Peer 1: 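My questions all concern the structure below.
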Amino acid sequence: MRLGFVGVGSIASAMVAGLRASTDPPSEIVLSPRNPAAASGLAARFPEVVVAGSNQEVLDRCEMAVLAVRPQVAESVLRELRFRESHHVISVVATFTVERLRGLAAPSVKIARAVPLPSAAQLQSPTAVYPADEAAMGLFERVGPAFAVETEEQINAIGAASSVVASYFAFADSVTSWLVQRGLSAHPARDYVSRMLPSLQEAAAHAPGLGFRAMATAHATPGGLNEQILRHLESQGLFHRIHDALDEVMLRVHQRSQTTGE
Ligand SMILES: NC(=O)c1ccc[n+]([C@@H]2O[C@H](COP(=O)([O-])OP(=O)(O)OC[C@H]3O[C@@H](n4cnc5c(N)ncnc54)[C@H](OP(=O)(O)O)[C@@H]3O)[C@@H](O)[C@H]2O)c1
């Protein structure tokens, strides 16, 4: 398969690195030329990656194309492109609806949206796909587990939920900097937290039948230290605030998908 990327920034770079490291890499990956440092850097790293002369050339050389520009420019980028009916167009542009994509990528009928994460580079991106056709699922399964979602609202919600990444790192920083205040050196403190948190995810992955609330309860021994911190944070309304923040992001997603994506 020849795969193209229109828009070569953070997420496209992560996907290209992951795809090249996967067990079933595309035969050729064609990149759009803008952001030459990123595009030519990838082409220098991987012999099967080439940089096209224009966005249109990406489409002309590929059967499947991933649109990975920012929402603000997605419409103008798509308007300048000529698609074939046989093109498979996959957009990772947050908030850009399938209906709008269909209109702008006509006569192509194979359209999908996806929400990959930068961990695609390490073949560990959980990627939501909608509509989940076989080819789109197959692409993202190469860089981690792909999740078929059933409605546009669900993929919008996944996009919103994936916006907790910065807050996750801020949480990790809060624990780390507290350790440093208690006299640990910065490096071992960071190392400890960066190993402790993923080890909890491993525990969750090994108990797929157990909800996160049940895991929290299981780890909050009555009268113990875990329970003390959990109760303290709950009494401050921290977890309700996470829902509030996600609701606000979802509102913005809805507003954006009604407009040009600004
Ligand atoms: N980053 C993530 O974790 C993530 C995850 C899932 C989905 N997404 C979505 O993926 C899209 C890209 O995000 P990103 O973080 O990769 O952004 P980014 O790093 O800013 O990459 C966007 C790239 O598009 C290029 N570009 C701008 N105008 C273009 C044009 N007319 N033709 C071709 N390329 C053009 C930019 O080049 P210049 O630098 O020269 O402007 C830039 O290299 C966004 O819609 C975002 O919602 C991102």
Side-chain angles (χ1 to χ4, degrees), residues 9-18 21 38 68 70-71 92 94-95 114-128 140 143-147 149 154-253:
S10 309
I11 199 64
S13 299
M15 278 195 66
V16 170
R70 290 192 180 175
V92 300
T95 74
V115 185
L117 296 181
S119 54
Q122 293 82 39
L123 308 182
Q124 287 183 358
S125 168
T127 304
F140 290 102
V143 293
F147 292 85
V149 299
Q154 288 178 2
I155 199 159
N156 283 336
I158 296 252
S162 72
S163 309
V164 300
V165 172
S167 304
Y168 171 85
F169 286 119
F171 173 83
D173 173 64
S174 183
V175 179
T176 307
S177 56
W178 183 87
L179 284 173
V180 171
Q181 281 172 16
R182 289 293 176 284
L184 270 86
S185 300
H187 181 69
R190 183 194 186 281
D191 199 29
Y192 175 75
V193 173
S194 72
R195 288 169 197 275
M196 175 184 72
L197 294 178
S199 76
L200 306 182
Q201 293 313 313
E202 278 296 305
H206 283 100
L210 211 55
F212 286 122
R213 172 46 62 180
M215 293 202 72
T217 305
H219 286 81
T221 309
L225 306 182
N226 262 279
E227 186 201 45
Q228 183 178 340
I229 292 190
L230 181 63
R231 280 209 176 155
H232 179 86
L233 296 178
E234 279 177 338
S235 72
Q236 303 293 313
L238 179 81
F239 303 112
H240 286 301
R241 286 191 192 174
I242 291 173
H243 275 204
D244 293 345
L246 287 168
D247 284 345
E248 280 180 26
V249 168
M250 203 57 183
L251 194 63
R252 195 164 145 209
V253 167

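Note that this is a predicted model, so its numbers are computed, not measured. Only heavy atoms go into these numbers, but all of them, side chains included; no hydrogens, no water, no symmetry mates.
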Peer 1: Within the side chain of Ser163, is there an N or O that forms a donor-acceptor pair under 3.5 Å with the backbone of Gly159?
Peer 2: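 Side chain of Ser163 to backbone of Gly159: a pair is present.
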Peer 1: Using side-chain heavy atoms (C-beta onward) and a distance below 4.5 Å, is Ser185 in contact with Val180?
Peer 2: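 Heavy-atom side-chain distance check fails, nothing below 4.5 Å.
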Peer 1: Does atom CZ of Phe239 have more than 12 heavy-atom neighbours, drawn from other residues, nucleotides or ligands, at distances under 6.0 Å?
Peer 2: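 Atom CZ in Phe239 is crowded, with more than 12 foreign heavy atoms closer than 6.0 Å.
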Peer 1: Say you draw a straight line from OH of Tyr168 to CG of Leu197; how long is it, rounded to the nearest 0.5 Å?
Peer 2: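 Between Tyr168 OH and Leu197 CG, I get 4.0 Å after rounding to 0.5 Å.
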Peer 1: Which atom pair, heavy atoms only, marks the closest approach of Leu179 to Ala189?
Peer 2: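 Taking every non-hydrogen atom into account, CB-CB, 4.0 Å.
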Peer 1: Mark yes or no for whether Ser119, through its side chain, and Gln124, through its backbone, hold a donor-acceptor pair below 3.5 Å.
Peer 2: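 Indeed, once roles are kept as given, a pair shorter than 3.5 Å links the two residues.
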Peer 1: Heavy-atom count check: over 12 atoms from other residues, nucleotides or ligands less than 6.0 Å from Gln228 CD?
Peer 2: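 No.
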Peer 1: How close do Ala204 and Met215 get, heavy atom to heavy atom, and via which atoms?
Peer 2: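 That closest heavy-atom pairing would be CA-SD, 3.6 Å.
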Peer 1: How about Leu238: does its CG atom have over 12 heavy atoms from other parts shown lying under 6.0 Å from it?
Peer 2: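 Yes, the 6.0 Å shell around CG holds more than 12 heavy atoms from other groups.
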Peer 1: Side-chain contact, heavy-atom cut-off 4.5 Å: Tyr192 with Leu184?
Peer 2: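 No, side chains not in contact.
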Peer 1: Apply the test salt bridge (charged side-chain N to carboxylate O under 4.0 Å, His left out) to residues Glu227 and Arg231: give CA-CA distance (whole Å), side-chain angles for both, the deciding distance (0.1 Å), then the verdict.
Peer 2: CA-CA 6 Å; Glu227 186 201 45; Arg231 280 209 176 155; 3.3 Å; yes
Peer 1: Is it the case that the side chain of His206 and the backbone of Glu202 share a donor-acceptor pair, with hydrogens and angles ignored and the cut-off at 3.5 Å?
Peer 2: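 Here the side-chain-to-backbone pair exists.
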Peer 1: Would you mind reporting whether Phe147 and Ile158 have side-chain heavy atoms less than 4.5 Å apart?
Peer 2: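 Counting from C-beta outward, Ile158 and Phe147 never come under 4.5 Å.
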Peer 1: Measuring from atom CZ of Phe169 to atom OG of Ser174, what distance do you get when rounded to the nearest 0.5 angstrom?
Peer 2: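 Here the rounded value is 14.5 Å.
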Peer 1: Strictly distance-based, threshold 3.5 Å: is any side-chain N or O of Ser177 a donor or acceptor partner for the main-chain N or O of Asp173?
Peer 2: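 Judged by distance alone, yes, a pair lies under 3.5 Å.
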Peer 1: State, to 0.1 Å, how close Ala160 and Val249 come at their nearest heavy-atom pair, and which atoms those are.
Peer 2: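 Closest approach of Ala160 to Val249: CB-CG1, 3.6 Å.
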Peer 1: For residues Ile11 and Leu117, report the shortest heavy-atom separation together with the two atoms involved.
Peer 2: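 Ile11 and Leu117 have their closest heavy atoms at CD1-C, 3.5 Å.
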Peer 1: Is there side-chain contact between Val115 and Ile155, with heavy atoms separated by less than 4.5 Å?
Peer 2: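 Yes, their side chains come closer than 4.5 Å.
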Peer 1: Give the minimum heavy-atom separation between Pro118 and Ala14, together with the two atoms involved.
Peer 2: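 Closest approach of Pro118 to Ala14: O-CB, 3.4 Å.
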Peer 1: How long is the straight-line distance from CD1 of Ile242 back to CG of Asp247, given to the nearest 0.5 Å?
Peer 2: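 Interatomic distance, Asp247 CG to Ile242 CD1, rounded to 0.5 Å: 12.0 Å.
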Peer 1: Taking all heavy atoms of Thr127 and all of Ala114, pick out the closest pair and write down the distance.
Peer 2: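 Smallest heavy-atom distance, with atoms named: CG2-CB, 4.0 Å.
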Peer 1: Within a radius of less than 6.0 Å around CZ of Phe212, do more than 12 heavy atoms belonging to other residues, nucleotides or ligands occur?
Peer 2: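 No, not enclosed.
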Peer 1: If you measure from the Lys or Arg side-chain nitrogens to the Asp or Glu carboxylate oxygens, is any gap between Glu234 and Arg213 under 4.0 Å?
Peer 2: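 Here Glu234 pairs with Arg213 in a salt bridge, since their nearest N and O are under 4.0 Å apart.
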Peer 1: Side chains of Leu230 and Asn226: closer than 4.5 Å at any heavy-atom pair?
Peer 2: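 A side-chain contact under 4.5 Å is absent here.
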Peer 1: CD/Gln201 to CE/Met196 distance, rounded to the nearest 0.5 angstrom?
Peer 2: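 So the CD of Gln201 and the CE of Met196 are separated by 11.0 Å.
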